[in-house]
Amino acid sequence: MRKLKIVNRLSIVVFSLLLITSCNEKKVSKSSTLLATNTRTSADYTLDTNKGIINNTNSPNVKFKSINIGDCQWTDGFWADKFKVAEETMVPYMGELLTGDVGFALNNFKIAAGLKEGKHKGMKWHDGDFYKWMEASMYIYAQNKDEKILKDLDDYIEIIGKAQAPDGYLQTQVQITDLERFGDRQYHEMYNSGHLYTSACIHNRITGKTNFLDIAIKHADHLYKVFMPQPDHLKRFGFNQTQIMGLVELYRTTKDKKYLELAELFINMRGKSKVVPDATASYKFIGDMVQERTPLRKSKTAEGHAVLALYFYAGAADVAAETGEQELIDALDRLWTNVVDKKMYVTGAVGQTHHGASSHVDMIHEGFINEYMMPNLTAYNETCANVCNSMFSYRMLGLHGESKYADTMELVLFNSALSGISVEGKDYFYANPLRVSHDGYDPGNDTEFDVRQPYIPCFCCPPNLVRTIAKVSGWAYSLTNKGVAVNLYGGNLLTTKLLDGSALKLKQETQYPWKGSVKVTIEECKEEAFDMLLRIPEWASGSKIKVNGSDAKVDVKPGTYAQINRKWNKGDVISLEMPMEVKLLEGNPLIEEVRNQAAIKRGPVVYCVESPDLPKGTDILDVYLPVTSKLTATYKPEFLGGISTINGNIKIRKDKKEGMYREMKNMEWENYNAQFVPYFAWANRGEAEMTVWVPVLMK
């Protein structure tokens with residue numbers, strides 16, 4: 001009897017506890033309950049239907065907002081040609097690499113999923129490279145609607161889903177080799193996470209499907225569960241932090257604020273700890289190298305690995321777009337200015353050295369060194385860093401709506417980004433120096449070479465560049481509170497809606513960047529007045545704007561957006577004329593590496609001279625440019641994919657040059673009419689020497 005009473009009392013206690021637990025669970029949000037059990041999917045959200053590449057339509061602190069993916073399509077000219085190469089060659093060829101036995105990225109997922117036997121191959125960040133290629137494929141699908149692309153992606157997504165651990169974790173190298181999760185920052189788990197989230201969000205926006213998004217949500221929930229409590233051993237965690245950008249896009253897609261909170265946490269974690277070696281990093285991967293010496297909000301100079309830094313800054317800009325935190329925006333303003341005004345090459349490239357030291361004398365790799373220290377022959381300028389420079393600038397354009405950010409985007413796109421891939425679309429550069437000489441210089445590593453490679457074992461750059469080429473039409477225009485801004489010029493058709501919901505259709509016709517004439521025709525618009533903002537590049541002094549053949553009577557100032565506000569009608573034509581003069585540029589006197597040298601630039605395109613356009617056997621270091629040389633541009637539609645070349649007289653030094661130092665005497669010169677080609681097009685004619693900066697002669 002006594003035993004029965006005890007049992008009854010225990011039953012009552014258990015029942016009471018269950019009741020209390022049930023009541024408490026009802027007080028907890030649905031998302032938190034699902035987080036605890038790792039069962040949440042896209043079905044638990046009302047997903048955002050906006051479809052921007054960075055989906056900032058509802059971001060409260062953004063002045064220039066994204067158009068939807070696919071709203072702008074290239075029709076003819078430079079970017080239409082590049083998109084066609086991306087569609088027909090770049091993306092398919094890269095897919096063959098990554099899904100086959102050369103790039104073996106898909107094989108890694110199959111092994112992790114138990115669908116294939118084998119060992120993990122490739123770099124620790126190779127999962128992220130595959131996600132970037134998937135993203136590029138989706139931008140192509142957004143325009144050509146090729147159902148085979150979608151079917152193939154669904155097959156890959158199914159494999160990725162099977163590779164994912166039950167609790168949401170996903171990193172093939174760690175899973176296949178039984179490494180400790182988050183045991184070393186060099187596993188690049190954060191990098192792979194960020195590209196997963198971004199790619200999944202883009203897939204959802206373009207296709208409306210949620211199969212990929214569900215994988216990303218499950219993964220992000222796991223990341224939140226692991227990192228939000230801030231355990232001591234993970235407080236400094238992070239290397240290449242693309243997860244910040246990815247988490248913000250996941251927040252924008254699902255409206256779940258915890259993803260934004262987690263993104264901000266990863267920003268706040270940097271710069272808190274003492275710069276000493278720990279169990280999660282070798283000595284060379286601490287301090288400025290990974291942006292952990294100084295908290296971001298206190299940073300004044302860009303330091304460390306250029307890709308790590310710029311991905312970090314871009315993610316912070318995404319967070320600032322949502323929070324509006326002024327201290328964060330102020331820091332990003334300082335850092336952008338430091339990069340562009342004191343550490344960026346004339347081509348828009350960044351990351352001056354392969355190995356060196358930061359301004360705080362921390363060892364750094366593939367990154368920023370001191371201000372105005374700009375070597376040419378040993379310049380590293382990783383393609384990823386250059387692309388990241390444009391990504392950061394695009395986000396700053398959104399925050400501030402100022403043309404200088406679009407100027408930098410354009411400079412990168414036409415020069416130091418495109419130089420990373422061949423005209424054909426199948427061979428790649430990792431590093432992008434401004435001078436190549438075979439006279440005693442051999443970097444002797446697997447990322448610096450003078451002939452593009454069909455595959456690079458460190459494969460981060462090629463898919464980063466290809467996805468950028470595939471999506472750049474989405475950067476061409478921005479929506480403003482009062483209308484639309486034209487950021488990039490190229491033949492295209494824009495079919496979109498203004499922020500007030502009204503329809504807008506524009507047709508842009510131009511042969512930019514080879515010609516400076518742009519015609520924008522209004523094909524559909526609302527009856528009420530609205531703004532048309534046209535970017536006037538910093539180099540485009542003397543530009544003029546007409547509407548329907550008459551002076552637009554607006555301020556046309558280089559380095560600003562010209563604002564035309566009026567009631568527009570179908571058939572109205574805006575004409576922009578930008579002088580395309582050939583200009584000689586010189587560097588800041590503090591850049592010792594370019595003292596008494598000149599670079600040639602026409603419009604947004606920087607030029608170089610390379611050995612195929614010189615007499616056989618000419619050393620690139622013997623080329624000099626008279627400042628009085630008459631330089632003329634000629635468009636050659638069948639040459640190197642269709643480019644404008646520049647011709648002019650140069651002088652080639654012919655006397656022997658021996659020894660470390662020598663007396664200047666008995667100098668011999670040969671006059672030669674040389675051809676200069678766009679920097680992005682060099683090394684498409686075999687092994688070559690090349691230089692952007694050329695020593696000048698006064699006559």
Just by distance, do the side chain of [X] and the backbone of [Y] share a donor-acceptor pair under 3.5 Å?
X: Y489; Y: Q508; value: no
X: E610; Y: A683; value: yes
X: E689; Y: H438; value: yes
X: S403; Y: G559; value: yes
X: H126; Y: P457; value: no
X: D362; Y: D288; value: yes
X: R395; Y: G315; value: no
X: T618; Y: P615; value: yes
X: N492; Y: G490; value: yes
X: W79; Y: G491; value: no

A quick test of your reading: do over 12 heavy atoms of other residues, nucleotides or ligands sit less than 6.0 Å from [atom1] of [X]?
X: K583; atom1: NZ; answer: yes
X: K300; atom1: NZ; answer: no
X: E592; atom1: CD; answer: no

Candidate list D613, V605, N684, test side chain to side chain contact (heavy atoms under 4.5 Å, CB included), partner V677, passing option: D613

What I want to check is whether the side chains of [X] and [Y] have a donor and an acceptor closer together than 3.5 Å.
X: S422; Y: E424; value: no
X: Q511; Y: S517; value: no
X: N338; Y: E371; value: yes
X: W336; Y: S393; value: yes
X: Y430; Y: E366; value: yes

May I ask you to check whether [Y] and [X] place their ring centres under 6.0 Å from each other?
X: W693; Y: Y345; answer: no
X: H195; Y: Y311; answer: yes
X: W475; Y: Y394; answer: yes

Heavy-atom check, side chain of [X] versus side chain of [Y], under 4.5 Å:
X: V387; Y: V307; result: no
X: E303; Y: Q291; result: no
X: I536; Y: K557; result: no
X: I643; Y: F680; result: yes
X: M363; Y: M289; result: no
X: L625; Y: L697; result: no
X: F392; Y: T408; result: no
X: M690; Y: Y679; result: yes

Output the distance between atom [atom1] ([X]) and atom [atom2] ([Y]), rounded to the nearest 0.5 Å.
X: K82; Y: I421; atom1: NZ; atom2: CD1; answer: 8.5 Å
X: I140; Y: E88; atom1: CD1; atom2: CD; answer: 10.0 Å
X: R535; Y: L397; atom1: CZ; atom2: CG; answer: 9.5 Å
X: K404; Y: E538; atom1: NZ; atom2: CD; answer: 10.5 Å
X: Y191; Y: D129; atom1: OH; atom2: CG; answer: 4.5 Å
X: T383; Y: I456; atom1: OG1; atom2: CD1; answer: 7.0 Å

Heavy-atom closest pair, residues [X] and [Y]:
X: L411; Y: N415; answer: O-ND2, 2.8 Å
X: N386; Y: A349; answer: OD1-CA, 3.1 Å
X: V412; Y: G348; answer: CG2-O, 3.4 Å
X: E448; Y: A431; answer: CG-CB, 3.7 Å
X: K699; Y: K651; answer: O-CE, 3.8 Å
X: A306; Y: F368; answer: CA-CE1, 3.6 Å

Which label fits H305 and F239: parallel for a plane angle under 30°, tilted from 30 to 60°, or perpendicular past 60°?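 Perpendicular.
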
Over 60° means perpendicular and under 30° means parallel, so tell me whether Y624 and W669 are parallel, tilted or perpendicular.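 Answer is perpendicular, since the angle exceeds 60°.
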
Starting from the C-alpha separation in whole Å, work towards a yes-or-no answer on side-chain contact (heavy atoms from CB on, under 4.5 Å) for Y561 and L534. CA-CA 5 Å; Y561 280 89; L534 274 66; 5.9 Å; no

Stepwise side-chain contact (heavy atoms from CB on, under 4.5 Å) check, Y139 with F83: CA-CA 10 Å; Y139 294 129; F83 184 86; 5.5 Å; no

So R653 and D619, salt bridge (charged side-chain N to carboxylate O under 4.0 Å, His left out) or not? Walk me through it. CA-CA 9 Å; R653 189 171 172 181; D619 190 326; over 6 Å; no

Stepwise side-chain contact (heavy atoms from CB on, under 4.5 Å) test for V623 and I650: CA-CA 7 Å; V623 175; I650 63 169; 3.8 Å; yes

Q453 vs Y428, side-chain contact (heavy atoms from CB on, under 4.5 Å): CA-CA, chis, key distance, verdict: CA-CA 5 Å; Q453 305 296 302; Y428 314 108; 5.6 Å; no

For salt bridge (charged side-chain N to carboxylate O under 4.0 Å, His left out), just list the numbers for E577 and K544, CA-CA rounded to whole Å, side-chain angles, deciding distance to a tenth of an Å, and then say yes or no. CA-CA 5 Å; E577 291 289 338; K544 296 180 180 179; over 6 Å; no

